[in-house]
Participant: 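Mind having a look at this structure? Questions to follow.
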Amino acid sequence: MTYTLQNAVLPLDRDPDLLPLYVDPETWSTIDEEPVRVTNVAQLSNILDRHRARIVAGRRVSFGTYFNAFPASYWQHWTGVRQVRLTVRTSGDATVLVYRSNGGGTKQRIETREVRGDAVATSFDLVLDQYSDGGWIWFDVAADRADVMFEGADWTTEQEPVRAGKASIGVTTYNKPDYCVETLNALADAPDVLDVVDRVFIIDQGTDLVEAQDGYPAVAARLGDTLQVLRQPNLGGSGGFARAMVETLAREGSDFVQLLDDDVRIEPESIRRSVVFGRYASVPTIVGAHMFDLLDRPKLHAWAEVVDDAPFMWRALFQERLPHDFSVANLRQSPLLHMRLDADYNGWWMCLIPTSILREIGLSLPAFIKWDDAEFCVRARDAGYPTVSMPGVALWHVSWLGKDDSIDWQAYFHARNRIVAALLHSRSAQGGTLIRHSRRVDLKHLMMMQYYPVELRHRALRDVLSGPDHMRANLATAMPDARTVAKKHPETVVHKDSGVPLRSRRGRQVFKRLKKHEFDSPTGLDLRTFTARTLVSHWFHTPKPENVSQPEVEFGKGDAHWWRVPLYDSALVSAADGSGKNIYTRDRALFRRMLVDSWKLHRRLQREWPRLSRQYRSALPDLVSEANWRATFEERP
């Protein structure tokens with residue numbers, strides 16, 4: 001029997017920005033020794049449907065692209081598949097060329113075939129035995145003297161999967177119903193994807209309901225019994241995804257749960273690929289997706305992510321190379337993308353989890369938002385179940401470039417959930433450098449006159465010190481409570497443009513732009529000196545009255561760094577999304593109180609770390625148990 005591992009697909013939308021992710025029509029030039037894409041627009045007319053395209057006479061099209069190359073290294077490393085067959089279907093006179101790469105991105109030709117005639121299927125038998133460090137396999141099609149029709153391609157094997165089963169999809173949403181209806185329509189239009197889907201759960205936690213959308217009845221009729229919408233109070237991402245986990249565990253036909261965020265656009269083939277890869281993985285494996293920017297669609301924003309044990313903080317591997325713009329450099333021009341990148345966790349914007357793992361290690365931590373995905377995957381890793389951040393499996397998600405959730409209500413969850421995750425899983429004494437790092441975060445916010453996030457962070461520390469019971473107790477109240485605290489802090493108000501621009505006394509401060517990921521921040525002795533002087537200045541000196549009544553200076557968001565803003569009594573700073581401006585004003589009394597509180601709380605956390613770690617680890621089975629999550633949902637129907 002033949003099993004399909006991967007289908008060649010073409011973009012769902014007639015969007016020239018998407019084309020480089022699917023096909024590369026060789027429209028490249030060079031300017032100043034840098035590759036530059038000439039145009040994609042002319043190629044859109046040659047995309048005929050989801051699987052068919054026209055290749056113009058004398059032209060060559062490469063399928064060595066993000067969504068159509070085959071990630072051979074991941075299949076070799078994480079599965080037992082060693083024999084793969086590539087079948088390319090064409091009509092017309094053409095040449096089909098098959099290539100591979102190694103972990104360094106070096107291209108090597110495997111085989112070349114000339115094909116003649118209509119409806120020709122050309123097959124290549126490939127062995128996965130040289131891809132331990134990395135590498136892809138792909139094919140090009142070159143048309144002869146007349147146009148050639150590309151009729152589709154697939155990657156198959158005769159090896160049986162390790163496990164069978166379908167996935168239930170769990171979408172958690174809060175007042176983003178239009179995105180959800182679009183996702184449902186994309187699934188309804190992909191019958192080959194629905195073949196691997198048991199049930200689609202929409203966990204609606206909002207007030208603008210999915211079922212109330214104009215397009216919902218039609219797509220619900222198309223999906224029929226496959227679709228189920230469940231309403232519950234807003235329990236955050238962790239509460240919504242835990243509900244999807246609970247519902248999936250109750251279904252005999254589901255062996256995986258596929259978690260999806262609401263504000264996304266999916267590539268349906270990615271869902272099918274993740275389930276198939278999960279079936280073939282040598283051990284039960286969490287299969288995660290990469291994330292592209294929904295508002296700048298050729299840009300890859302997130303791939304293999306890890307948690308550094310000290311200071312117990314997340315990051316992407318080679319984070320300095322992100323985002324990667326496929327409109328500037330395609331897959332074949334990007335050696336780093338050919339390396340096998342091993343992850344510790346994957347964001348729950350799209351993540352496939354086997355139900356066998358849920359039954360063994362439990363469900364999501366009741367964290368509301370932030371760190372629930374990382375904590376779960378680290379917990380699974382420690383139990384022997386890896387997370388694979390799978391190339392060619394991806395979606396488009398609203399990126400964080402227009403946000404700064406470290407200074408809004410989410411600051412509470414950033415602080416609390418990171419510390420809780422470290423108490424549960426850190427292998428370093430007292431969390432390694434976490435406490436020192438957390439103190440520094442407080443200092444930066446205080447020097448920046450950002451008192452709201454510091455108050456939330458201190459609330460988080462007090463809750464952590466109170467013990468693990470608080471996590472389920474305040475699951476539904478922590479977020480609204482954090483939002484209420486914002487009313488005490490005038491810097492949280494975003495002053496919208498009203499036609500009369502806000503002005504500062506000394507004007508806007510503009511700084512020389514350095515290269516990407518390079519900053520002019522102080523380091524070493526200069527950093528210590530700057531911090532000491534700033535803390536002393538803010539402790540002893542009150543701001544000048546004229547700088548309180550009107551902001552002293554103005555900063556663009558990209559210039560408002562912690563080593564610049566503290567030099568002034570007040571500052572007008574652009575909001576991250578450009579919707580207005582915040583006014584930061586120095587408050588000496590608040591600064592003094594919060595600085596002392598920060599020292600005391602972190603000192604206490606350091607002293608009580610061993611006890612707290614034992615307490616949280618002992619409580620973990622109850623915090624993540626299916627029974628307790630069910631009780632939570634029954635309490636809040």
Side-chain angles (χ1 to χ4, degrees), residues 236-239 242 286 305-315 343-345 357-358 360-387 410-443 454 456-475 478 597-629 632:
S238 65
I286 299 168
E305 295 182 292
V306 296
V307 176
D308 292 326
D309 197 62
F312 209 85
M313 192 62 186
W314 55 31
R315 65 177 174 87
D344 286 335
Y345 79 98
I357 296 180
L358 295 176
E360 180 174 339
I361 73 168
L363 281 56
S364 170
L365 196 69
F368 190 83
I369 193 172
K370 303 298 178 187
W371 279 92
D372 45 355
D373 45 16
E375 186 281 328
F376 181 89
C377 292
V378 170
R379 192 185 343 144
R381 178 199 67 188
D382 293 345
Y385 303 115
T387 295
Q410 298 176 74
Y412 170 87
F413 299 100
H414 274 292
R416 185 198 65 176
N417 296 343
R418 175 191 176 196
I419 294 170
V420 168
L423 287 167
L424 291 170
H425 302 294
S426 176
R427 298 165 180 169
S428 302
Q430 296 180 315
T433 57
L434 182 150
I435 295 175
R436 183 174 66 190
H437 184 269
S438 179
R439 276 198 304 260
R440 288 178 177 175
V441 172
D442 274 5
L443 292 181
V454 176
L456 293 183
R457 288 174 51 79
H458 292 176
R459 177 176 292 212
L461 285 166
R462 292 186 180 97
D463 283 346
V464 170
L465 290 164
S466 74
D469 290 345
H470 83 275
M471 296 195 71
R472 194 169 296 281
N474 75 4
L475 181 60
D597 285 348
S598 179
W599 184 85
K600 289 180 177 179
L601 287 167
H602 285 97
R603 177 65 177 168
R604 183 180 167 194
L605 179 62
Q606 186 173 33
R607 186 171 60 249
E608 298 185 25
W609 186 278
R611 178 189 64 80
L612 287 168
S613 181
R614 291 192 300 270
Q615 189 177 8
Y616 276 85
R617 294 184 188 204
S618 176
L620 181 62
D622 287 334
L623 286 173
V624 301
S625 74
E626 180 183 355
N628 280 337
W629 270 114
T632 297

Participant: Does the plane of the ring in His470 sit parallel, tilted or perpendicular to the ring in Tyr616? Use 30° and 60° as the thresholds.
Facilitator: perpendicular
Participant: Please confirm whether the backbone N or O of Asp463 pairs with a side-chain atom of Ser466, one donor and one acceptor, at under 3.5 Å?
Facilitator: yes
Participant: Please verify the inter-ring angle class for His414 with Trp314; under 30° counts as parallel, over 60° as perpendicular, anything in between as tilted.
Facilitator: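 Ring orientation of His414 relative to Trp314: perpendicular.
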Participant: Check Gly431 against Ser426 and note the closest heavy-atom contact, atom names and distance.
Facilitator: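 Residues Gly431 and Ser426, closest heavy atoms: CA-OG, 3.5 Å.
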Participant: Should Leu605 and Arg439 count as side-chain neighbours, where that means a heavy-atom distance under 4.5 Å?
Facilitator: no
Participant: Is the closest side-chain heavy-atom distance between Val378 and Leu424 below 4.5 Å?
Facilitator: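 Counting from C-beta outward, Val378 and Leu424 never come under 4.5 Å.
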Participant: In terms of relative ring orientation, are His602 and His458 parallel, tilted or perpendicular, with 30° and 60° separating the classes?
Facilitator: perpendicular
Participant: May I ask you to test the Val464-Leu423 pair for a side-chain heavy-atom distance under 4.5 Å?
Facilitator: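 A side-chain contact exists here, since the closest heavy-atom pair is under 4.5 Å.
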Participant: Between Thr433 and Arg436, is there a donor-acceptor pair closer than 3.5 Å when you use the side chain of the first and the backbone of the second?
Facilitator: no
Participant: I'd like to know if the side chain of Asp344 reaches the main chain of Val307, judged simply by a donor and an acceptor atom lying under 3.5 Å from each other, with no hydrogens or angles considered.
Facilitator: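 Here the side-chain-to-backbone pair exists.
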Participant: Could you tell me if the side chain of Trp371 sits less than 4.5 Å from the side chain of Ile419, heavy atoms only?
Facilitator: no
Participant: To the closest 0.5 Å, what do you measure between CD (Gln606) and CG (Leu612)?
Facilitator: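 The distance works out to 12.5 Å.
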Participant: Could you please spell out the steps behind the side-chain hydrogen bond (donor to acceptor under 3.5 Å, both in side chains) verdict for Ser598 and Arg457?
Facilitator: CA-CA 9 Å; Ser598 179; Arg457 288 174 51 79; over 6 Å; no
Participant: For Tyr345, is there any backbone N or O sitting under 3.5 Å from a side-chain donor or acceptor partner on Glu305?
Facilitator: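 Such a contact is absent between Glu305 side chain and Tyr345 backbone.
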Participant: List the atom of Gly467, the atom of Gln615, and the distance in Å for their closest heavy-atom pair.
Facilitator: CA-NE2, 4.0 Å
Participant: Taking all atoms of both residues into account, what is the closest heavy-atom pair of Arg617 and Ala422, and its distance?
Facilitator: NH2-O, 4.3 Å
Participant: So, for Ala415 and Ala460, which heavy atoms are closest and what is the spacing to 0.1 Å?
Facilitator: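 Looking at all heavy atoms of both residues, the shortest contact is CB-CB, 4.0 Å.
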Participant: What distance do Leu465 atom CG and Leu601 atom CG have between them, rounded to the nearest 0.5 Å?
Facilitator: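 Nearest 0.5 Å value for the CG-CG distance: 6.5 Å.
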Participant: Checking Arg462 against Asp597 for the side-chain contact (heavy atoms from CB on, under 4.5 Å) test, could you report, in this order, the C-alpha distance in whole Å, the side-chain angles of both residues, the deciding distance, and whether it holds?
Facilitator: CA-CA 11 Å; Arg462 292 186 180 97; Asp597 285 348; 3.7 Å; yes
Participant: Can any side-chain N or O of Asp309 pair as donor or acceptor with the backbone N or O of Ser428 at less than 3.5 Å?
Facilitator: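 Yes; at least one donor-acceptor contact below 3.5 Å.
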Participant: To the nearest 0.5 Å, what is the distance between OH on Tyr385 and CD1 on Ile361?
Facilitator: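 Separation between the atoms: 8.5 Å.
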Participant: If you define the side chain from C-beta out and look only at heavy atoms, does anything of Asn474 sit under 4.5 Å from Arg416?
Facilitator: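 In contact.
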Participant: Within a strict 4.5 Å, meaning less than it, do heavy atoms of the Leu434 and Arg418 side chains meet?
Facilitator: yes
Participant: Would you check if the side chain of Thr632 reaches a backbone N or O of Asn628 as a donor-acceptor pair within less than 3.5 Å?
Facilitator: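 Confirmed, Thr632 side chain pairs with Asn628 backbone.
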Participant: Could you tell me the separation between the OG atom of Ser613 and the NE2 atom of His425, rounded to the nearest 0.5 Å?
Facilitator: 10.0 Å
Participant: Just jot down the side-chain contact (heavy atoms from CB on, under 4.5 Å) partners of Ala242, sequence neighbours excluded, or say none.
Facilitator: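 By the side-chain contact (heavy atoms from CB on, under 4.5 Å) rule, Ala242 matches Ser364, Trp629, Phe633.
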Participant: Minimum heavy-atom separation for Ser618 and Pro621, please, with both atom names.
Facilitator: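 Closest approach of Ser618 to Pro621, heavy atoms only: O-CD, 3.4 Å.
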Participant: Looking at Arg603, I want to see if its CZ is surrounded by more than 12 non-hydrogen atoms of other residues, nucleotides or ligands under 6.0 Å.
Facilitator: no
Participant: First locate atom OG of Ser438, then atom CG of Leu443, and finally report the distance between them rounded to the nearest 0.5 Å.
Facilitator: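 Reported to 0.5 Å precision, the distance equals 9.5 Å.
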Participant: Testing Leu363, Thr387, Ile357 for side chain to side chain contact (heavy atoms under 4.5 Å, CB included) with Phe376, which one passes?
Facilitator: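 The residue from Leu363, Thr387, Ile357 that satisfies side chain to side chain contact (heavy atoms under 4.5 Å, CB included) with Phe376 turns out to be Ile357.
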Participant: For Val624, what residues pass the side-chain contact (heavy atoms from CB on, under 4.5 Å) criterion, not counting sequence neighbours?
Facilitator: Leu365, Arg379, Leu620
Participant: With a 3.5 Å distance limit and no angle check, can you tell me whether Asn417 reaches the backbone of Ile369 through a side-chain donor-acceptor pair?
Facilitator: yes
Participant: Using a 3.5 Å distance criterion without hydrogens, assess whether the side chain of Arg381 forms a donor-acceptor pair with backbone atoms of Pro386.
Facilitator: no
Participant: Using every non-hydrogen atom in the two residues, find where Ala380 and Ile286 come nearest and quote the distance to one decimal.
Facilitator: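 Residues Ala380 and Ile286, closest heavy atoms: CB-CD1, 3.7 Å.
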Participant: Is any side-chain heavy atom of Phe312 closer than 4.5 Å to one of His437?
Facilitator: no
Participant: In the structure I gave you, are the side-chain heavy atoms of Arg614 and Pro610 within less than 4.5 Å of one another anywhere?
Facilitator: yes
Participant: Roughly how far apart are Glu375 CD and Ser238 OG, rounded to 0.5 Å?
Facilitator: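 Separation between the atoms: 10.5 Å.
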